[in-house]
J.: 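Would you mind keeping the following structure in view while I ask a few things?
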Amino acid sequence: MSEEIVLSIFRGDAAGGQEVEYRVPLTPGMVVLDAVHQVQAHQAQDLAVRWNCKAAHCGSCGAEINGHPKLLCKTRLDDYVGETVHIRPMQTFPIIKDLVADVSWNFEVAKKVPAFQPSVPVPFKMQQFDVDRIQEFHHCIECFLCQDVCHVLRDHNAKDQYFGPRFMVKMAEFEMHPRDGGDRVPMLAHEAGLNMCNVTKCCTEVCPQHIRITDNAIIPLKERVADQYWDPLRALFRKKKAPAATGQSVQG
Amino acid sequence: MEILQHFDVIVVGAGLAGMRAALEIDPDLRVAVVSKVYPVRSHSVAAQGGINAAIDPEDKWQDHAFDTIKGSDYLADQDAAELMCEDAPRVVYEMEHWGTIFSRRPDGRIAQRSFGGQGYPRACYAADKTGRALYQTLFEQSIRRQITVLKEFFVVSIATAHGQVAGVVCIEIRTGTVVGLAAKSVIIATGGAGMMYARTTNPYINSGDGMAMAYRAGVPLKDMEFIQFHPTTLPGMNVLITEGARGEGAYLYNRDHERFMERYAPKLMEVAPRDIVSRAIETEISEGRGFDGDYVLLDLRHLGENIIKHRLSEIYDFALTYKGINPIYEPIPVQPGQHYMMGGIATDKHGATELPGLYAAGECAAVSVHGANRLGANSLLDTLVFGRQAGIQASQFVRKNPGVDFPSADLTRQQDMISRVKAAGRREPYGAIRRELRETMTQYVGTFRDEPRLTKALKTVRALQDRYAEAGIQDQGDVFNYDLLAYIETGFLLDLAEIVTVGALARKESRGAHARIDYPDRDDAQFLRHFLFTPDGRRDEPVVITHYQPKERKY
Ligand SMILES: Cc1cc2nc3c(=O)[nH]c(=O)nc-3n(C[C@H](O)[C@H](O)[C@H](O)COP(=O)(O)OP(=O)(O)OC[C@H]3O[C@@H](n4cnc5c(N)ncnc54)[C@H](O)[C@@H]3O)c2cc1C
Ligand code: SF4
Ligand code: SF4
Ligand code: FES
């Protein structure tokens, strides 16, 4: 017969709970979510877990596997043969039931980010070169694993002081849009709490979409804040220069 | 049990269609979007390939309309297809204006790629994240407009009174409470029903809820027998390998290393429409030229590392993660899987159903612009064009109609049903019924159909319905009771599976995605018409023809 894998899954709610062990047969190519489904089908029908696409598209199934924030549907079990696989909900957010955490705080933060403001009428002319770096940010599936791992939010519970890495990615997306006329730098410097980030890069490490959150979003944003607050001349130059680099002209 | 707030418009579904509809509701009206998952988990975000619009000066929207109609095997209503294609350039620029970042041409304009069945490369795309890019934009706009979204509310039925819509009944997932949402108008935008099939590219939430609820409320479902099978999904989990790959120039090979599309569509080859490619692959497999495990190969290698890693990054990531295959060096195994429902809630070309106050848009609706077969990159367009139409209409309806009282007995009925299935769960759980349904549909109501297989499927589905009536759930709790939700979804799927099968049996011809081995030809004399199903039975309607007389569909 095939090998067995031992899962130790957190069962409980806001009032408390503990891990419970389940054994399921291991099949080739199996991901952790498959194993959780086996448990749900045969041993614990009342096990609560969010999932949907099973293809790392929808961002529903974030949890902590042996302490590491991961997507249940993108984590292969063959990496864990011979170990007990501990599965817990994300710890940075309040728990609702079993593996379901209350991630609604993130959507409240989303509401604070000012939307794109077109600086010129459509159709835009833009170079792929300028668009590439923003398209990297489109990969975000809003799983909030980066929010979960970020020590500012997790260990210091500074949710009132820092929007977290996911929203630095979002703000970078707008700030780097060649046709955006908004200015989010004051917000980054104050309310969004960008200075709380001390560039540990833990967020980049856990991102299942391989977005280089720190290098490509956070650091460039920090530079903009530094420019605008400490070097206003350079900031002016940067703003002016941006359209020129796109090869541009506006109308099409 | 409670009746929550009174709204002017309730939009059920927070995918592209629902969000677009909500944005079009007059700002002074009270609107709420209801979704059974967090909005950003909606399936629209998974769309990769693109959105069609004739924006190039060399291209014409009339050509886009013609391609759509021909692709539909002439079952599309031509006035609706024309409305959609003419509106398409506006849609794309509106999205660009709101912040969607499309990929570019060297001269800075929006880039476009080829998709199956299109005579011109007209799919605008945002790398291979088109759905997500569009969705994030609409989501941001919904925030800007401060639209209320009720998250993790599962709608179970449409409430009606005096022959008019009165609101919806839902379950608040977090607490298990049965809640009534009273509204003067309701827009259904609940997406597809892929969960009816074992092999599907659709996610778990696509269980056809809105279609089944409308049907139960007496609203006709149209053209349900037409189900699109996507030719290229990864065997096992059936994750989609975007058509964009073939658009970029990928080849399909059988085990004899033949580019077998030569035999089926010598002109368009790999970029022929989906129904043709799916049937070609199934034929290769059934005639012994596939590989063990029912698949053929999709070869990307000649496209080079740069295109694979940048423009097809998701395929690269999937193949590596789930199959351990690096598409830069190795071809990928692919097989057809259920992908899209052409049929759905019957609406006119402005999204109105037969029930006053009820509108539908997106994949759950059949306008019908896709007819017997949808072309790639036309569905995202459909959601944005007709989502907006439904929003306009619902606003107007609310202005003219005072609304009716919410039937509170509907809430009691729902509560009783929950108690009953909790009690019944100890006898037969519904899980096995759901599995058998999905296997049956994949085996007998798939790419190729014939009378014996369909009859068998119908018998099985009806037997499953009987078992379902006695079945129940095991989770006795209230909070996040997914067992209960899956039970209800299974009921929806069983209703729809029966309609799909009955329609497929009655349609004794082959048209678009509906391929009958026993009736291999299209039969316009008898079947150039829509089938509409209600609980009272079937009724037929003529197809609207404007400029394009039905011709043989050849590529
Ligand atoms: C993998 C994949 C790739 C695709 N790629 C493309 C492409 O490149 N181009 C293209 O044009 N089309 C593509 N399609 C098709 C297209 O993505 C879908 O048809 C389209 O996104 C459907 O959008 P929608 O708004 O109708 O529904 P969805 O996005 O599916 O949204 C449905 C909404 O309804 C809600 N809902 C459902 N039931 C209930 C209920 N009972 N109570 C409350 N809420 C409920 C859900 O929560 C969700 O918010 C693709 C499809 C797949 C499967
Ligand atoms: S780099 Fe910054 S945002 Fe990322 S985890 Fe570290 S502190 Fe948090
Ligand atoms: S940036 Fe990465 S880790 Fe963070 S929410 Fe997006 S996909 Fe998840
Ligand atoms: S189930 Fe969608 S990301 Fe895992």
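Below, all heavy atoms of this structure are taken into account, side chains as well, without hydrogens, waters or symmetry copies. Note that the structure is predicted; figures quoted are calculated from it, not measured.
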J.: Counting only heavy atoms closer than 4.5 Å, note whether B:Arg132 contacts chain A via side chain, backbone, both or neither.
T.: side chain

J.: Ignoring hydrogens and geometry, is there a side-chain-to-backbone donor-acceptor pair from B:Gln136 to B:Leu134 under 3.5 Å?
T.: no

J.: Can you confirm if the aromatic rings of A:Phe116 and B:Trp98 lie within a centre distance of less than 6.0 Å?
T.: no

J.: Would you say the ring centroid of A:Phe144 lies under 6.0 angstrom from that of A:Phe107?
T.: yes

J.: Given heavy-atom pairs under 4.5 angstrom as the criterion, report whether the side chain, backbone, both or neither of B:Tyr38 touches chain A.
T.: side chain

J.: Any luck finding a side-chain donor-acceptor pair between A:Gln147 and A:Asn106 under 3.5 Å?
T.: yes

J.: Out of the candidates B:Thr232, B:Thr233, B:Asn206, B:Val239, only one should pair with B:Thr201 under the side chain to side chain contact (heavy atoms under 4.5 Å, CB included) rule; please name it.
T.: B:Thr233

J.: Between B:Glu96 and A:Arg179 (salt bridge meaning N to carboxylate O under 4.0 Å), is one present in this structure?
T.: no

J.: Between A:Ala115 and chain B, which part of the residue has a heavy atom less than 4.5 Å away: side chain, backbone, both or neither?
T.: side chain

J.: With a 4.5 Å cut-off on heavy-atom pairs, point out which of A:Lys111, A:Lys54, A:Lys97, A:His139 contacts chain B the most.
T.: A:His139

J.: Relative to chain B, which segment of A:Lys74 carries a heavy atom at a distance below 4.5 Å: side chain, backbone, both, or neither?
T.: both

J.: Which atoms of B:Phe318 are under 4.5 Å from chain A, going by heavy atoms: the side chain, the backbone, both sets, or neither?
T.: side chain

J.: What part of A:Gln209 gets within 4.5 angstrom of chain B, counting heavy atoms only: side chain, backbone, both, or neither?
T.: side chain

J.: Only pairs of heavy atoms separated by less than 4.5 Å count here; which of A:Ala44, A:Pro28, A:Cys140, A:Pro114 has the most with chain B?
T.: A:Cys140

J.: Heavy-atom distance under 4.5 Å to chain B: side chain of A:Ala56, backbone, both or neither?
T.: both

J.: When you check the side-chain N and O atoms of B:Tyr430 and B:Arg435, is any donor under 3.5 Å from an acceptor?
T.: no

J.: Could you check which of A:His210, A:Gln117, A:Glu136 has the highest count of heavy-atom pairs closer than 4.5 Å to chain B?
T.: A:His210

